[in-house]
Amino acid sequence: MISKKIDNQDIRIFPNALEAAQYLADELIADTTHYHAGKFNVALSGGTTPGILFDELAKKDPHALSLKNINWFWGDERMVHPLDEQSNYRMFYQNLLSKIPVGFTRVFRVWGEEKDAELEATRYEKLLNNVLPKSGSYPVFDLVILGLGVDGHTASIFPDQWDLLISHKWIDLAFHPETQQKRLTLTGEVLKNAKNTVFLVTGSAKADVAREILLKEGQFKKYPASFVGSRHGKTTWIMDAAAAAKL
Ligand code: 6PG
């Protein structure tokens with residue numbers, strides 16, 4: 001592992017995506033082992049990258065480890081049925097939840113199958129309000145795991161939907177700029193309120209945008225991912241060599 005620090009952000013670089021995912025899985029288990037009294041609240045990213053993280057977590061023994069201490073939430077979800085291949089929850093279910101004793105997990109998915117997305121946003125916000133501690137007027141996750149789009153989006157906060165970054169709402173409607181796919185996303189203020197934030201970024205396609213964001217170059221000011229690191233805690237980038245090639 002190569003470690004760097006850029007502007008108070010820790011960068012952890014691994015030879016390949018698998019080793020990056022293994023590191024994050026180990027860190028997540030380590031972070032949660034002392035949460036015997038309460039629950040460790042995690043907001044998961046979507047897309048394809050988290051699949052390898054879930055595979056690695058599925059290899060852990062839930063009896064010996066602390067998967068039972070984790071409350072699983074999502075930073076964003078596509079408004080599709082949970083069995084739809086586009087569903088972020090589906091990947092979590094297929095790669096992890098279906099492989100471990102359900103009694104060890106408390107999963108709070110976004111109901112993508114809900115036709116009224118605004119109604120689901122209201123339901124999810126009430127759930128967050130009931131389960132999570134607050135700081136200021138926003139809920140606090142112990143950990144937010146984020147991905148990075150080549151256009152600099154994160155969660156489902158896209159560059160052409162800047163209002164989601166600064167909204168006072170906790171969760172709101174988003175639309176994929178090309179496909180217009182309807183999504184729900186945690187807003188920038190909620191993401192920034194996390195105790196700790198991890199970007200899990202792999203693949204050469206992300207090398208340019210990751211460099212712009214981390215080195216504050218080029219178009220970084222137009223990228224939502226530039227502005228959602230933990231406000232009070234640590235922001236760590238866990239990357240493979242391909243994504244970190246231009247750092
Ligand atoms: C989503 C994600 C999104 C994702 C990036 C990277 O629901 O699509 O939350 O922010 O993390 O688009 O996606 P990949 O991991 O597929 O590259």
Side-chain angles (χ1 to χ4, degrees), residues 14 16-18 20-21 24-25 42-57 72-96 108-113 117 120-121 124 141 143-162 164-165 171-188 190-192 194 197-214 222-229 235-240 242-245:
F14 295 84
N16 51 61
L18 178 63
L24 179 50
V42 185
L44 294 170
S45 61
T48 55
T49 303
I52 48 175
L53 168 63
F54 302 150
D55 288 339
E56 292 311 306
L57 286 170
W72 303 96
F73 299 86
W74 272 261
D76 70 314
E77 181 58 279
R78 294 84 179 275
M79 293 309 287
V80 296
H81 190 278
L83 296 179
D84 185 304
E85 64 176 18
Q86 279 287 313
S87 167
N88 289 333
Y89 167 78
R90 180 177 183 263
M91 179 177 285
F92 176 83
Y93 177 78
Q94 277 195 324
N95 295 35
L96 176 56
F108 301 99
R109 71 178 181 90
V110 175
W111 294 351
E113 66 273 31
E120 176 52 16
Y124 208 69
F141 285 96
L143 176 65
V144 165
I145 298 174
L146 294 171
L148 177 64
V150 294
D151 62 354
H153 82 261
T154 192
S156 282
I157 305 177
F158 293 92
D160 66 344
Q161 291 156 61
W162 207 258
L164 292 171
L165 198 62
I171 181 168
D172 207 351
L173 211 50
F175 296 89
H176 189 283
E178 277 122 47
T179 65
Q180 291 310 304
Q181 182 186 58
K182 196 184 292 185
R183 301 182 172 194
L184 285 182
T185 186
L186 295 183
T187 57
V190 173
L191 298 178
K192 289 190 292 187
T197 304
V198 165
F199 281 92
L200 178 61
V201 183
T202 63
S204 55
K206 311 292 175 74
D208 289 325
V209 64
R211 177 186 170 87
E212 287 186 80
I213 291 170
L214 285 167
K222 295 182 180 170
Y223 302 149
S226 300
F227 302 99
V228 294
T235 298
T236 306
W237 289 65
I238 298 175
M239 308 171 80
D240 66 358

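Just so it is clear, the model here is predicted, and its values are computed rather than measured. The first residue in the sequence is number 1, and the count goes up from there. Only heavy atoms go into these numbers, but all of them, side chains included; no hydrogens, no water, no symmetry mates. For ligands, and for the atoms within them, numbers begin at 1 and follow the listed sequence.
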Chemist: In the protein, what heavy atom is nearest to atom 8 (O) of ligand 1, and what distance, to one decimal place, separates them?
Modeler: R78 NH2, 2.7 Å
Chemist: Name the option, out of S156, A155, G51, that contains the heavy atom nearest to atom 3 (C) of ligand 1.
Modeler: A155
Chemist: Within a distance under 4.0 Å of any heavy atom of G147, pick out the atoms of ligand 1 and give their elements.
Modeler: 11 (O)
Chemist: Show which atoms of ligand 1 fall inside a sub-4.0 Å distance from at least one heavy-atom site of T154.
Modeler: 10 (O)
Chemist: Can a non-hydrogen atom of E77 be found less than 4.0 Å from any atom of ligand 1?
Modeler: no
Chemist: Can you find a heavy atom in the side chain of Y89 that is under 4.5 Å from one in the side chain of V110?
Modeler: no
Chemist: Is the ring pair H153/H176 parallel, tilted or perpendicular, if the boundaries are 30 and 60 degrees?
Modeler: perpendicular
Chemist: Between CG of D172 and OG1 of T187, what distance do you get to the nearest 0.5 Å?
Modeler: 7.5 Å
Chemist: I need the contact type for T49 against ligand 1. Using non-hydrogen atoms and a strict under-4.0 Å cut-off, is it side chain, backbone, both or neither?
Modeler: both
Chemist: What pair of heavy atoms forms the shortest contact from S45 to G147, and how long is it?
Modeler: CB-N, 3.5 Å
Chemist: Nearest protein heavy-atom contact for atom 5 (C) of ligand 1: which residue, which atom, what distance?
Modeler: H153 NE2, 3.5 Å
Chemist: Should the proximity of L146 to ligand 1, defined as any heavy atom under 4.0 Å, be assigned to the side chain, the backbone, both, or neither?
Modeler: neither
Chemist: Any side-chain to backbone donor/acceptor pair from D76 onto L186? Under 3.5 Å, distance only.
Modeler: no
Chemist: Please determine if P50 has a nitrogen or oxygen closer than 3.5 Å to a nitrogen or oxygen of ligand 1.
Modeler: no
Chemist: Donor-acceptor check, side chain of E120 to backbone of W111, threshold 3.5 angstrom: yes or no?
Modeler: yes
Chemist: Is the shortest side-chain heavy-atom distance between L173 and L184 below 4.5 Å?
Modeler: yes
Chemist: What is the nearest protein non-hydrogen atom to atom 4 (C) of ligand 1, stated with its residue, atom name and distance?
Modeler: G46 O, 3.8 Å
Chemist: Of the listed options (S45, G203, S87, G47), which comes nearest to atom 13 (O) of ligand 1 when hydrogens are ignored and any heavy atom counts?
Modeler: G47
Chemist: Among all protein non-hydrogen atoms, which one is nearest to atom 17 (O) of ligand 1, and what is the separation to 0.1 Å?
Modeler: K206 NZ, 2.7 Å
Chemist: Give me the residue, atom name and distance of the protein heavy atom closest to atom 6 (C) of ligand 1.
Modeler: L148 O, 3.4 Å
Chemist: Considering only the protein, which heavy-atom contact is closest to atom 7 (O) of ligand 1, and what is its distance?
Modeler: D76 OD2, 2.7 Å
Chemist: Looking only at heavy atoms, what is the nearest atom pair of K192 and V228, with distance?
Modeler: CG-CA, 3.6 Å
Chemist: Do L191 and T197 have side chains that approach each other closer than 4.5 Å (heavy atoms only, starting at C-beta)?
Modeler: no
Chemist: So do H81 and S87 actually touch side chain to side chain, heavy atoms under 4.5 Å?
Modeler: no
Chemist: Checking the N or O distance criterion of under 3.5 Å, is ligand 1 in contact with N88?
Modeler: yes
